[in-house]
Amino acid sequence: MAENNTGVLNSEQCPQFFKFYMPAHCSTQLRIPPAFLKYFGDSLPFKFNLITCSRNSWKVDMNKIDDDVYFKSGWEKFVQDNSLEFGDFLIFYYNGGSNFFVSISGKNNCSKENNNTESENQSTPIQETETKTNTTTTGNEQIEDSNFSFDIKIQPCYLRNQYMNLPRVFYEGVKEEYRSMAKLQHLGRTWDVKVVDCCDRIRFTDGWRLFAMENCLGVGDVCCFKLIDVKPEFYLLDVSFCREM
């Protein structure tokens with residue numbers, strides 16, 4: 001049984017990080033972003049409680065492997081009990097002790113709640129707290145994202161140049177499953193676009209300008225990208241447009 005926890009987890013004030021669930025890399029362990037380790041101080045705690053909005057908790061051990069730190073023992077149980085699937089969006093709120101509050105959203109942008117009362121890791125209920133599933137704030141940075149979706153407003157350079165930079169949130173979400181090609185689909189058509197990893201950013205290069213031209217993109221238009229799948233050789237993204245009037 002996990003230890004009882006009656007403390008309040010204020011998600012608005014806690015340091016946070018997010019992860020897109022990708023089974024190939026996250027089913028048996030979860031890597032903690034290196035930039036987040038500063039919140040653990042000089043002595044890294046090695047055991048945590050992961051607490052979901054269903055008010056259940058799971059004990060998870062943290063292990064250091066080379067220069068990286070992972071949730072290891074207990075993580076698979078958390079994955080199974082919460083029925084995590086490809087593309088689920090998780091936000092981890094750290095309360096400064098040994099607890100993380102975890103918000104889980106599915107592909108339909110709705111919260112996923114685990115109500116499995118038979119889990120051996122279930123704890124007694126904790127006080128409910130409001131959670132944010134669409135906006136993550138860490139320091140002065142704010143990331144508005146959900147389930148591998150992002151919007152880009154077309155600037156003149158995106159039409160003039162042969163490339164377009166993608167938001168860092170996309171790079172952070174897919175860097176462990178990097179692909180050198182993307183297929184952009186819109187209204188039944190598909191365009192092949194080269195993807196380049198450049199200085200901790202991902203950008204569309206060869207094929208992007210053709211996509212922009214054939215879809216008559218103009219300055220001020222908004223492209224709405226949604227990651228549908230990660231294939232062995234490419235990302236599949238659905239694209240819709242909000243045209244500048």
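Position 1 is the first residue of the sequence, and the numbers go up from there. Keep in mind that what you see is a predicted model, and the values were worked out from it rather than measured. Below, each value reflects all heavy atoms present in this structure, side chains not excepted, and no hydrogens, waters or symmetry copies.
- In this structure, Tyr70 and Ile65 have side chains that are in contact, with non-hydrogen atoms separated by less than 4.5 Å.
- In this structure, CG on Leu184 lies 8.5 Å from CG on Asp192, to the nearest 0.5 angstrom.
- When every heavy atom of Phe204 is checked against every heavy atom of Ala182, the shortest pair comes out as CE2-CB, 3.9 Å.
- How far OG1 of Thr190 is from CG of Leu187: 11.0 Å, rounded to the nearest 0.5 Å.
- Under a 3.5 Å cut-off, the side chain of Asn161 and the backbone N or O of Tyr158 do not form any donor-acceptor pair.
- Nearest heavy atoms, Trp58 versus Lys77: CD1-CG, 3.9 Å.
- One distance of note links CD of Glu76 with OG1 of Thr28; it measures 5.5 Å at 0.5 Å rounding.
- In this structure, Phe46 and Asn63 have side chains that are not in contact, with every pair of non-hydrogen atoms separated by 4.5 Å or more.
- Relative ring orientation between Trp208 and Phe225 is described as tilted, the plane-to-plane angle lying within the 30° to 60° band.
- For the pair Met181 and Val195, the minimum side-chain heavy-atom distance is 4.5 Å or more.
- We find that Asp238 and Lys226 are not joined by a salt bridge, their nearest charged nitrogen and carboxylate oxygen being 4.0 Å or further apart.
- Phe92 pairs by the ring-ring contact (aromatic ring centres under 6.0 Å, His included) definition with Phe17, not counting sequence neighbours.
- In the hydrophobic clustering of this structure, Val219 groups with Met164; members are Ile, Leu, Val, Met, Phe, Trp, Tyr whose side-chain heavy atoms approach within less than 4.5 Å, directly or through other members.
- Residues Arg209 and Leu159 come closest through the heavy atom pair NE-O, 3.7 Å.
- Ring planes of Tyr93 and Phe101: tilted class, angle from 30 to 60°.
- Closest non-hydrogen pair, Ser98 versus Lys47, comes out as CB-O, 3.7 Å.
- Separation of the Phe100 and Phe71 ring centroids falls under the 6.0 Å cut-off.
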Exercise. Is there a side chain to side chain contact (heavy atoms under 4.5 Å, CB included) between Ile152 and Leu166 once you walk through the steps?
Worked result: CA-CA 8 Å; Ile152 296 180; Leu166 303 185; 3.8 Å; yes

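- Note: Tyr39 and Phe36 have tilted aromatic rings, judged against thresholds of 30 and 60 degrees for the angle between ring planes.
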Exercise. Which is it for Trp75 and Asp61 under the side chain to side chain contact (heavy atoms under 4.5 Å, CB included) test, yes or no, and what are the steps along the way?
Worked result: CA-CA 8 Å; Trp75 173 252; Asp61 291 343; over 6 Å; no

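- Looking at heavy atoms from C-beta onward, Lys183 lies out of side-chain contact with Leu237 at the 4.5 angstrom threshold.
- In summary, the aromatic rings of Phe211 and His186 are positioned with their centroids too far apart to meet the 6.0 Å limit.
- Residues Ile228 and Tyr235 fail the side-chain proximity criterion, which asks for heavy atoms closer than 4.5 Å.
- The heavy-atom pair separating Cys223 from Ile154 by the smallest distance is SG-CD1, 3.8 Å.
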For this session: With side chain to side chain contact (heavy atoms under 4.5 Å, CB included) as the test, would you mind laying out the steps for Gln162 and Asp206 before giving the verdict?
Result: CA-CA 7 Å; Gln162 296 284 348; Asp206 298 349; 5.6 Å; no

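- Looking at Leu37 and Ile32, their side chains come closer than 4.5 Å, going by heavy atoms from C-beta outward.
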For this session: With side chain to side chain contact (heavy atoms under 4.5 Å, CB included) as the test, would you mind laying out the steps for Lys59 and Asn49 before giving the verdict?
Result: CA-CA 5 Å; Lys59 284 187 175 181; Asn49 294 313; 3.5 Å; yes

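- Val102 has its side chain out of reach of Ile91: every pair of non-hydrogen atoms, C-beta onward, lies at least 4.5 Å apart.
- With respect to Arg31 and Asp68, a salt bridge is recorded, a charged nitrogen being found less than 4.0 Å from a carboxylate O.
- One distance of note links CG of Leu84 with OH of Tyr21; it measures 6.0 Å at 0.5 Å rounding.
- Remark: Ser180 OG to Asp197 CG distance equals 11.0 Å, nearest 0.5 Å.
- Note on Trp191 and Val230: same hydrophobic cluster, where clusters join Ile, Leu, Val, Met, Phe, Trp and Tyr whose side-chain heavy atoms are under 4.5 Å apart, directly or indirectly.
- Closest heavy-atom contact between Leu90 and Asp88: CD1-O, 3.7 Å.
- When side chains are defined from C-beta on, Thr52 counts as touching Asn82, because their heavy atoms get closer than 4.5 Å.
- With hydrogens and angles disregarded, no donor-acceptor distance shorter than 3.5 Å links the side chain of Asn99 to the backbone of Asn95.
- Taking the charged nitrogens against the carboxylate oxygens, Asp151 and Lys153 have no contact shorter than 4.0 Å, which rules out a salt bridge.
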